[in-house]
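Each chain gets a letter, A, B and so on, in the order the sequences are listed, and its residues count up from 1. Note that this is a predicted model, so its numbers are computed, not measured.
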Number of protein chains: 2
Amino acid sequence: MLYLVGLGLADETDITVRGLEVVKKAERVYLEAYTSILLVDKAKLEAFYGRPVIEADRELVETGSDDILANADKVDVAFLVVGDPFGATTHTDLVLRARELGIESKVIPNASIMSGIGCTGLQLYNFGQTVSMVFFTETWKPSSYYDRVKENVQLGLHTLVLLDIKVKEQSLENMARGRLIYEPPRYMSVAQCAGQMLETEEERKEGVWGPDSLAVGAARVGAADQKLVAGTLQELSQVDMGPPLHSLVLLGRRTHDLEKDYIRQFAVNAETFDASWKNGKNGSS
Amino acid sequence: MLYLVGLGLADETDITVRGLEVVKKAERVYLEAYTSILLVDKAKLEAFYGRPVIEADRELVETGSDDILANADKVDVAFLVVGDPFGATTHTDLVLRARELGIESKVIPNASIMSGIGCTGLQLYNFGQTVSMVFFTETWKPSSYYDRVKENVQLGLHTLVLLDIKVKEQSLENMARGRLIYEPPRYMSVAQCAGQMLETEEERKEGVWGPDSLAVGAARVGAADQKLVAGTLQELSQVDMGPPLHSLVLLGRRTHDLEKDYIRQFAVNAETFDASWKNGKNGSS
């Protein structure tokens, strides 16, 4: 049996009781280590489980999945995913591959950022489609996300923006020379995301948002040091929210007063917050 | 401290390890018992926690929250919520009330149906706003949800439809006579939901969906006997998916081939599924 086990969002104790039972009994335990991270390292997980954990990078999952699935028709294999196995990144391809090999799969759900973002007090009912923000470079600043956020903004809905992470990436030079040297991991911050959004609006100029549009930054959702900040995109582009992972929500026009009261608790500046709110700067510039 | 603890979706073992530690140590343990249910009863939870659990109905939470919060500035109180505390139903009002009383709150996230629905293999990125479906009566068939689904359909997005539950409801007669006699609990099925959707389309006639629009029914997400079915709304209006809880997803036009391949695995009828797919009946009639 292949078990896809959600680990939740913060640390080793966020696994469910059922998930932990599976991990303790499985013959092999893999950790999907390229689309998200827990806030603790592998050694801590291994100590907690009392089991060795094999890190699975993108290559192993996408092209070496038969190694992961080897023998899984006879023994239990646990594939651990930060968040929920079918959350922000779905692992349906692994399940389909297992099925082709005659291997049954079971999923142990857990908190995902897609629902965990409810900790902001914003109603999940009022969210439109979710988008991803990648790291801009000097020459590559993709703005296709802008069109999808625009659709949400026109309907008055909130948008959850998931922020890029880069783990086990090679520099172009190392790649060209075939050297397996990896760059240090990078995690996009709320400030970088807000800055890039302002850059895109500068370029596209359709007024989907502006420097005084209201948004919420969330860092380390579900952890003891979770941090939430509400403010204008201009303010958020300056904010330091500490270590990863970060996410951002652009507020929609339909924001309810109850939602507003909740997020105002953690406004960078209550005065600018109220001013932007009064000017209808929640969701459109 | 007030702890809002997510219980996840299926049974007593879906609580996280961290959540269980909190419950075992709290002075009082409440279970929010009116917006959702676990698939096990209170006695089973109590046996698992080794603690008594107080059922909190809507009245207690909405008007008697000071009883729940009594003394919580000095002792720990755990408030258990099926799914995630800030998922489909947010308990921000309780957190704000605690704050007014000088009581700190902490949230222990867990799986919510809002992300758990990813088990269908449909990408959470491709969902628009979520809607709720209430039980229609002879004289009350609210169709405001239709307008919101229409917005999703026009964008080509999936729609998650959450289905009504009625617990501790009084009949009009008993209410009029002031008799505290409650009706047996009722949980809407996928078949009822699909039937009501067809009824609304009959009435509104805007062609947002039709009998051959493709949808996915999900029952008991996360449980050992989880059941998924894909089919046309007409087919789903006839399907028996067993005990609660159920949810339904109306497919959007943007459905990716990988998503299609996944849900086709559990099609009621692969032939009608393929025919509807070919005719572009995913998301619009």
* Do you know which of A/Gly128, A/Gly6, A/Gly121, A/Gly118 has the most heavy-atom pairs with chain B at a distance under 4.5 angstrom? -> A/Gly118

* So what's closer than 4.5 Å to chain A heavy atoms on B/Leu157: side chain, backbone, both or neither? -> side chain

* **side chain to side chain contact (heavy atoms under 4.5 Å, CB included) between B/Val17 and A/Phe48, worked out** => CA-CA 11 Å; B/Val17 172; A/Phe48 188 71; 3.9 Å; yes

* Per-residue contact mode, B/Ile113 against chain A (heavy atom under 4.5 angstrom) -> neither

* Considering only heavy atoms, which portion of A/Leu162 lies under 4.5 Å from any heavy atom of chain B: side chain, backbone, both, or neither? -> side chain

* Proximity breakdown for B/Val131 and chain A, heavy-atom pairs closer than 4.5 Å -> backbone

* Below 4.5 Å from any heavy atom of chain B, which atoms of A/Leu20 appear? Answer side chain, backbone, both or neither. => side chain

Show me the donor-acceptor pairs under 3.5 Å between chain A and chain B.
{"unit_1": "A/Thr13", "atom_1": "O", "unit_2": "B/Val17", "atom_2": "N", "d": "3.3"}
{"unit_1": "A/Thr13", "atom_1": "O", "unit_2": "B/Arg18", "atom_2": "N", "d": "2.8"}
{"unit_1": "A/Asp14", "atom_1": "OD1", "unit_2": "B/Arg18", "atom_2": "NE", "d": "3.2"}
{"unit_1": "A/Asp14", "atom_1": "OD1", "unit_2": "B/Arg18", "atom_2": "NH2", "d": "2.7"}
{"unit_1": "A/Asp14", "atom_1": "OD2", "unit_2": "B/Arg18", "atom_2": "NH2", "d": "3.3"}
{"unit_1": "A/Ile15", "atom_1": "O", "unit_2": "B/Val17", "atom_2": "N", "d": "2.9"}
{"unit_1": "A/Val17", "atom_1": "N", "unit_2": "B/Thr13", "atom_2": "O", "d": "3.3"}
{"unit_1": "A/Val17", "atom_1": "N", "unit_2": "B/Ile15", "atom_2": "O", "d": "2.9"}
{"unit_1": "A/Arg18", "atom_1": "N", "unit_2": "B/Thr13", "atom_2": "O", "d": "2.8"}
{"unit_1": "A/Arg18", "atom_1": "NE", "unit_2": "B/Asp14", "atom_2": "OD1", "d": "3.1"}
{"unit_1": "A/Arg18", "atom_1": "NH2", "unit_2": "B/Asp14", "atom_2": "OD1", "d": "2.6"}
{"unit_1": "A/Arg18", "atom_1": "NH2", "unit_2": "B/Asp14", "atom_2": "OD2", "d": "3.2"}
{"unit_1": "A/Arg18", "atom_1": "NH2", "unit_2": "B/Gly222", "atom_2": "O", "d": "2.8"}
{"unit_1": "A/Arg99", "atom_1": "NE", "unit_2": "B/Gln265", "atom_2": "OE1", "d": "3.0"}
{"unit_1": "A/Arg99", "atom_1": "NH1", "unit_2": "B/Gln265", "atom_2": "OE1", "d": "3.1"}
{"unit_1": "A/Ser115", "atom_1": "OG", "unit_2": "B/Ser115", "atom_2": "OG", "d": "3.1"}
{"unit_1": "A/Tyr125", "atom_1": "OH", "unit_2": "B/Ser132", "atom_2": "OG", "d": "3.1"}
{"unit_1": "A/Gln129", "atom_1": "OE1", "unit_2": "B/Arg254", "atom_2": "NH1", "d": "3.0"}
{"unit_1": "A/Ser132", "atom_1": "OG", "unit_2": "B/Tyr125", "atom_2": "OH", "d": "3.1"}
{"unit_1": "A/Glu151", "atom_1": "OE1", "unit_2": "B/Arg254", "atom_2": "NH2", "d": "2.8"}
{"unit_1": "A/Glu151", "atom_1": "OE2", "unit_2": "B/Arg254", "atom_2": "NH2", "d": "3.2"}
{"unit_1": "A/Gly222", "atom_1": "O", "unit_2": "B/Arg18", "atom_2": "NH2", "d": "2.8"}
{"unit_1": "A/Arg254", "atom_1": "NH1", "unit_2": "B/Gln129", "atom_2": "OE1", "d": "3.0"}
{"unit_1": "A/Arg254", "atom_1": "NH2", "unit_2": "B/Glu151", "atom_2": "OE1", "d": "2.9"}
{"unit_1": "A/Arg254", "atom_1": "NH2", "unit_2": "B/Glu151", "atom_2": "OE2", "d": "3.1"}
{"unit_1": "A/Gln265", "atom_1": "OE1", "unit_2": "B/Arg99", "atom_2": "NE", "d": "3.0"}
{"unit_1": "A/Gln265", "atom_1": "OE1", "unit_2": "B/Arg99", "atom_2": "NH1", "d": "3.1"}

* Measure distances from B/Ile15 to the heavy atoms of chain A and classify the residue's part below 4.5 Å as side chain, backbone, both or neither. => both

* To do: Identify which of A/Leu155, A/Leu160, A/Val107 forms the greatest number of heavy-atom pairs closer than 4.5 Å to chain B.
  => A/Leu155

* To do: Specify which of B/Gly116, B/Pro109, B/Gly87, B/Cys119 makes the most heavy-atom pairs with chain A at under 4.5 Å.
  => B/Cys119

